[in-house]
Amino acid sequence: MVGSSAAIQPKARARLNLRIPPGVEPQDALKALTAHLESHTPWHAKVTIETEATGSPFRAATGGPARTAMEAAFAASYGRAATTEGQGGSIPLCNVFADTYPNAEIMLMGVEEPKCLIHAPNESVDPSEIEHMAFAEALFLASYAK
């Protein structure tokens with residue numbers, strides 16, 4: 001690789017973000033990750049783990065009027081019924097929203113498609129995905145405002 005040297009590096013660092021699903025306790029997940037990293041350390045390397053923070057997973061409600069309106073907007077935009085995929089469950093900010101606004105419906109949407117390699121090198125998004133999501137959001141806002 002251009003700019004690389006053929007030498008063993010004396011130190012290496014990594015920053016990990018472990019997303020955990022609802023039902024998993026943050027401290028249990030941290031203990032399991034720590035044990036895994038320590039038990040798979042190659043060549044007698046020394047591993048030091050510093051915990052910056054832990055966060056509890058979030059599970060959104062799925063039966064309210066905003067969710068129904070959003071699903072209808074997705075169906076109109078994409079031409080087929082919406083589906084649900086469990087992702088992003090440990091975004092701690094969602095718990096802050098839920099605690100602050102207990103009657104609010106919290107929905108997370110992202111512009112991504114299966115091949116976009118979200119948060120990875122050379123990630124991309126098909127422009128039609130942006131178009132569909134923007135149209136669905138506009139339909140939702142127009143219908144839910146009524």
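What you are looking at is a predicted structure, and each value in this text was computed from that prediction instead of being measured.
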Practice problem: First locate atom CZ of R59, then atom SG of C94, and finally report the distance between them rounded to the nearest 0.5 Å. | Solution: 13.5 Å

Quiz item: Hey, does R80 have a side-chain heavy atom less than 4.5 Å from the side chain of F74?
Solution: no

Practice problem: May I ask you to decide if A35's main-chain N or O and S39's side chain share a donor-acceptor pair within less than 3.5 Å? | Solution: yes

Quiz item: Hey, any chance L16 and L30 share a hydrophobic cluster, counting ILVMFWY side chains that come within less than 4.5 Å of each other, even indirectly?
Solution: no

Self-check item: Closest heavy-atom pair and its distance - I20, G55
Solution: CD1-O, 3.9 Å

Quiz prompt | Separation between CG of D28 and CG of L33, rounded to the nearest 0.5 Å | solution = 12.5 Å

Quiz item: Atom CE in M107, atom OG1 in T84: separation rounded to 0.5 Å?
Solution: 11.5 Å

Quiz item: When hydrophobic residues are tied together by side-chain contacts of less than 4.5 Å, even through go-betweens, does M133 share a cluster with L141?
Solution: yes

Practice problem: Specify the closest pair of heavy atoms between T100 and V96, including all atoms of both residues, with the distance to one decimal. | Solution: OG1-O, 2.7 Å

Self-check item: Steps toward side chain to side chain contact (heavy atoms under 4.5 Å, CB included) verdict (E71, F140)
Solution: CA-CA 9 Å; E71 287 182 354; F140 166 76; over 6 Å; no

Quiz item: Once you round to the nearest 0.5 Å, how far does OG of S77 lie from CD of E131?
Solution: 7.5 Å

Quiz prompt | Inter-residue atom distance L108.CG - F58.CZ, 0.5 Å rounding | solution = 7.0 Å

Quiz item: What is the minimum heavy-atom distance between Y144 and A69, and which atoms define it?
Solution: CD1-CB, 4.0 Å

Exercise. Taking all non-hydrogen atoms of both residues into account, name the closest pair between K146 and A142 and its distance.
Key: CG-O, 3.6 Å

Quiz item: So among T51, V47, I49, which one has a side chain to side chain contact (heavy atoms under 4.5 Å, CB included) with T34?
Solution: I49

Quiz prompt | Hydrophobic cluster membership, Y78 vs I130, 4.5 Å side-chain cutoff | solution = yes

Exercise. Answer yes or no: is there a side-chain heavy-atom contact under 4.5 Å between M70 and E105?
Key: no

Practice problem: Answer whether the closest heavy-atom distance between the side chains of P21 and P57 falls below 4.5 Å. | Solution: no

